[in-house]
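Just so you know, these numbers come straight off a predicted model, no measurement behind them.
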Amino acid sequence: MGKLTLEEAIVHAKEVAEKNYRGADFESIDYIDDDIKANCVKCAEEHEQLAKWLEELKSYKDLEKQGLLVKLPDDLFKKVYRITYEYTECSKFGETVIDCENYNCNCDCDSEKKFYIVENNLQFMLFCNYYNELDKTVFLTREEAEKKLEEMKNDGSKK
């Protein structure tokens with residue numbers, strides 16, 4: 001016997017529900033019949049619920065296959081890696097671009113963004129601020145973050 005697929009499990013759960021509803025469709029003549037009917041209906045309802053859960057699971061699996069569902073680590077002590085930046089000091093004036101902008105300085109400043117990787121514990125991040133940055137500036141492994149940082153350096157995009 002082969003491995004049961006999710007689709008086959010859904011069909012099976014629906015079939016069991018249908019059979020149990022049909023099994024409860026008879027005229028009761030005593031309390032034993034009432035118990036049998038109640039058990040059949042209960043079993044049918046449980047299998048209908050099971051089929052709904054399996055269909056929901058199937059939709060999540062389909063989204064995951066399409067790359068539209070991301071599994072986040074369930075360990076709050078898990079480290080995530082975020083690419084961020086800081087401005088270097090201007091060699092002529094000792095200020096950063098941000099400071100020059102604040103002072104309305106119009107000098108030619110060579111201050112620039114310097115990108116680096118920060119390690120964060122998942123528990124300390126307000127992840128709703130970063131979920132759309134997954135695989136862009138937030139990564140689940142250091143290797144992924146380093147690869148993206150290298151790409152940014154090579155592309156010269158420095159987003």
Side-chain angles (χ1 to χ4, degrees), residues 1-21 41-159:
M1 183 172 151
K3 186 177 176 183
L4 187 66
T5 67
L6 197 50
E7 291 83 7
E8 291 168 338
I10 292 168
V11 168
H12 176 71
K14 288 179 178 180
E15 286 173 353
V16 170
E18 185 181 327
K19 285 178 185 177
N20 276 280
Y21 278 129
V41 169
K42 182 176 185 267
C43 184
E45 290 170 347
E46 289 171 351
H47 277 81
E48 280 181 336
Q49 181 62 58
L50 176 61
K52 287 178 186 175
W53 287 334
L54 291 171
E55 287 170 341
E56 185 177 354
L57 174 62
K58 183 180 181 305
S59 71
Y60 287 131
K61 293 243 180 228
D62 291 343
L63 289 171
E64 187 178 19
K65 283 180 186 174
Q66 297 171 35
L68 299 173
L69 182 70
V70 178
K71 289 183 183 178
L72 295 176
D74 59 355
D75 179 5
L76 288 179
F77 298 103
K78 168 90 171 129
K79 299 216 181 298
V80 292
Y81 304 89
R82 183 170 52 93
I83 297 176
T84 189
Y85 63 89
E86 64 184 2
Y87 282 98
T88 60
E89 283 190 1
C90 176
S91 60
K92 297 177 187 171
F93 306 105
E95 301 285 345
T96 65
V97 163
I98 298 296
D99 293 332
C100 287
E101 288 173 359
N102 288 340
Y103 302 134
N104 292 323
C105 176
N106 294 323
C107 302
D108 289 330
C109 183
D110 62 357
S111 175
E112 61 184 18
K113 285 182 180 179
K114 177 183 173 193
F115 290 86
Y116 61 99
I117 297 171
V118 175
E119 189 176 279
N120 295 105
N121 279 340
L122 190 58
Q123 67 180 342
F124 298 119
M125 290 182 70
L126 185 55
F127 215 77
C128 63
N129 292 340
Y130 295 102
Y131 78 95
N132 61 338
E133 291 299 314
L134 272 174
D135 294 330
K136 295 176 187 169
T137 62
V138 176
F139 302 88
L140 301 178
T141 66
R142 177 171 281 284
E143 293 77 23
E144 291 172 331
E146 288 172 350
K147 182 180 175 186
K148 180 64 174 185
L149 184 60
E150 194 60 36
E151 283 177 20
M152 291 169 72
K153 288 178 182 176
N154 290 339
D155 291 345
S157 62
K158 298 188 179 183
K159 295 176 185 173

K42 and E46: salt bridge (charged side-chain N to carboxylate O under 4.0 Å, His left out), yes or no, with the steps? CA-CA 6 Å; K42 182 176 185 267; E46 289 171 351; 2.9 Å; yes
Interatomic distance, [X] atom [atom1] to [Y] atom [atom2] [nearest 0.5 angstrom]:
{"X": "Y81", "Y": "R142", "atom1": "OH", "atom2": "CZ", "answer": "6.0 Å"}
{"X": "T137", "Y": "I117", "atom1": "OG1", "atom2": "CD1", "answer": "11.5 Å"}
{"X": "N20", "Y": "E15", "atom1": "CG", "atom2": "CD", "answer": "12.0 Å"}
{"X": "I83", "Y": "E151", "atom1": "CD1", "atom2": "CD", "answer": "9.0 Å"}
{"X": "H47", "Y": "H12", "atom1": "NE2", "atom2": "NE2", "answer": "5.5 Å"}
{"X": "K79", "Y": "N120", "atom1": "NZ", "atom2": "CG", "answer": "9.0 Å"}

Before you tell me yes or no, could you show the steps for K58 and L54 under side chain to side chain contact (heavy atoms under 4.5 Å, CB included), namely the whole-Å CA-CA distance, both residues' side-chain angles and the distance that decides it to 0.1 Å? CA-CA 6 Å; K58 183 180 181 305; L54 291 171; over 6 Å; no
Looking at side-chain heavy atoms only, is the closest gap between E86 and Y116 below 4.5 Å? yes
Should L134 and F139 be marked as a side chain to side chain contact (heavy atoms under 4.5 Å, CB included) after you check the CA-CA gap, both sets of side-chain angles, and the distance that decides it? CA-CA 6 Å; L134 272 174; F139 302 88; over 6 Å; no
Tell me the closest heavy-atom pair linking L6 and K61, and the distance in Å. CD2-CG, 4.5 Å
Any donor-acceptor pair under 3.5 Å linking the side chain of E146 with the backbone of E143? no
Working note: F115 + Y85, criterion ring pair (Phe, Tyr, Trp, His ring centres under 6.0 Å); need CA distance, chi angles, decisive distance, verdict. CA-CA 4 Å; F115 290 86; Y85 63 89; 5.7 Å; yes
Please determine whether the number of non-hydrogen atoms from other residues, nucleotides or ligands lying under 6.0 Å from atom OH of Y60 exceeds 12. no
Which of E7, E48, E55 passes salt bridge (Lys or Arg N to Asp or Glu O under 4.0 Å) with K14? Answer is E55
